[in-house]
Student: 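Got a structure here, written out as structure tokens. Questions coming.
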Amino acid sequence: MAGDGRLSGETAGRRSTEADREAALEANRALYEALENGDQEAVEEAWLGAGEADDKGGVVCVHPGWPVLRGRAQVTRSYMLIMANTEYIQFILTDEEVEVQGDVALVTCTENILSGGEAEEEGELGPLVGGKVVSTNLFRRTPAGWKLWSHHGSPVLTSADEDDED
């Protein structure tokens, strides 16, 4: 009935979807804020917990140049290694997009990574020292909110990178 304070199913569905979209984006932003702050506990909290996923293959992480990491223990150790080997790291997220399908949210974004880490020999920057990465983050809905299930980062090639391939 119109005017009785109840929403039609379509309107309620749109609001729920929009709320889900915002909650998934907030979970994604919380991950990057935890990384920037060097907060290992918050990084671990962003990922599916042992009770929410099989620890041997339930979560997956792929960083450029690294082997595929499977299981919560391997994934969270990799983040600890990254955070321990940079003096300062800053993630600037741009181009965030989210698609929610039931209990799964797909977030894509560009990570502009700045770091205070030192350059390697011959002036070359190391793998943990800045760059632009396009990330695909897959979240699952849990009773505790949206939790990261899979992360895949791909470096963005610049024209200089493409010239090197010729």
Side-chain angles (χ1 to χ4, degrees), residues 12-118 125-157:
R14 276 196 306 256
R15 283 194 179 167
S16 175
T17 301
E18 188 58 33
D20 287 341
R21 289 172 44 82
E22 287 301 317
L25 283 171
E26 184 55 39
N28 191 62
R29 291 172 188 146
L31 169 67
Y32 291 100
E33 183 177 324
L35 287 169
E36 186 172 339
N37 292 329
D39 187 341
Q40 180 68 26
E41 188 174 304
V43 170
E44 290 177 3
E45 177 64 27
W47 285 86
L48 285 174
E52 301 160 325
D54 170 9
D55 195 43
K56 294 187 180 177
V59 299
V60 177
C61 180
V62 181
H63 286 138
W66 290 38
V68 174
L69 302 171
R70 296 190 182 279
R72 192 169 198 274
Q74 280 189 353
V75 168
T76 55
R77 272 195 306 269
S78 74
Y79 280 98
M80 186 170 53
L81 178 66
I82 290 169
M83 290 187 300
N85 285 290
T86 57
E87 290 180 33
Y88 171 78
I89 193 162
Q90 182 180 15
F91 290 89
I92 301 167
L93 296 181
T94 59
D95 306 314
E96 291 182 285
E97 293 290 332
V98 63
E99 179 67 31
V100 176
Q101 294 292 325
D103 289 337
V104 176
L106 176 66
V107 179
T108 57
C109 58
T110 302
E111 304 172 15
N112 296 289
I113 306 170
L114 306 174
S115 174
E118 293 186 22
L125 294 179
L128 302 176
V129 185
K132 187 179 273 191
V133 176
V134 174
S135 289
T136 303
N137 296 323
L138 194 58
F139 289 84
R140 281 189 3 199
R141 185 192 318 268
T142 72
W146 293 101
K147 298 292 183 176
L148 192 55
W149 182 13
S150 177
H151 165 79
H152 184 270
S154 298
V156 174
L157 296 177

Student: Measuring from L25:CG to E97:CD, what's the distance to the nearest 0.5 Å?
Tutor: 8.5 Å
Student: Does the side chain of S135 come within less than 4.5 Å of F91's, by heavy atoms?
Tutor: no
Student: Apply salt bridge (charged side-chain N to carboxylate O under 4.0 Å, His left out) to E45 and list each qualifying residue two or more places apart in sequence or on a separate chain.
Tutor: K147
Student: Kindly compute the distance separating OG1 (T17) from CD (Q101), expressed to the nearest 0.5 Å.
Tutor: 9.0 Å
Student: Checking N28 against L93 for the side-chain contact (heavy atoms from CB on, under 4.5 Å) test, could you report, in this order, the C-alpha distance in whole Å, the side-chain angles of both residues, the deciding distance, and whether it holds?
Tutor: CA-CA 10 Å; N28 191 62; L93 296 181; 4.0 Å; yes
Student: Using a 4.5 Å cut-off on heavy atoms from C-beta on, say whether the side chain of L35 contacts that of V43.
Tutor: yes
Student: Sub-3.5 Å donor-acceptor pair from the side chain of R21 to the main-chain atoms of V100, do we have one?
Tutor: no
Student: Checking side chain to side chain contact (heavy atoms under 4.5 Å, CB included) against N137, which of H151, E96, H152 comes through?
Tutor: H151
Student: In Å, rounded to the nearest 0.5 Å, how long is the span from OG1 of T108 to CD of E99?
Tutor: 10.0 Å
Student: What are the two closest non-hydrogen atoms of A105 and V98, and how far apart are they?
Tutor: CB-CG2, 4.4 Å
Student: Does the side-chain contact (heavy atoms from CB on, under 4.5 Å) test come out yes or no for L138 and V104, once each step is laid out?
Tutor: CA-CA 7 Å; L138 194 58; V104 176; 3.4 Å; yes
Student: For I92, does its backbone N or O pair with a side-chain atom of N112 as donor and acceptor, under 3.5 Å?
Tutor: yes
Student: Hey, what do you get for OG1 (T142) to CH2 (W149), rounding to the nearest 0.5 Å?
Tutor: 12.5 Å
Student: Quick one, V59 and L148 - any side-chain contact, counting heavy atoms below 4.5 Å?
Tutor: no
Student: Testing the basics here: between A27 and F139, what is the closest heavy-atom pair and its distance to 0.1 Å?
Tutor: CB-CE2, 3.8 Å
Student: Determine whether a donor-acceptor pair (N or O, by modelled atom type, separation under 3.5 Å) exists between the side chain of E33 and the backbone of R29.
Tutor: no
Student: For the pair H63 and Y79, name the ring-plane relationship: parallel under 30°, tilted 30 to 60°, perpendicular over 60°.
Tutor: perpendicular
Student: For W146 versus D20, what's the shortest heavy-atom pair and its separation?
Tutor: NE1-O, 3.5 Å
Student: Measure from the side-chain N and O atoms of R72 to the backbone N and O of E44, and report whether any donor-acceptor pair falls under 3.5 Å.
Tutor: yes
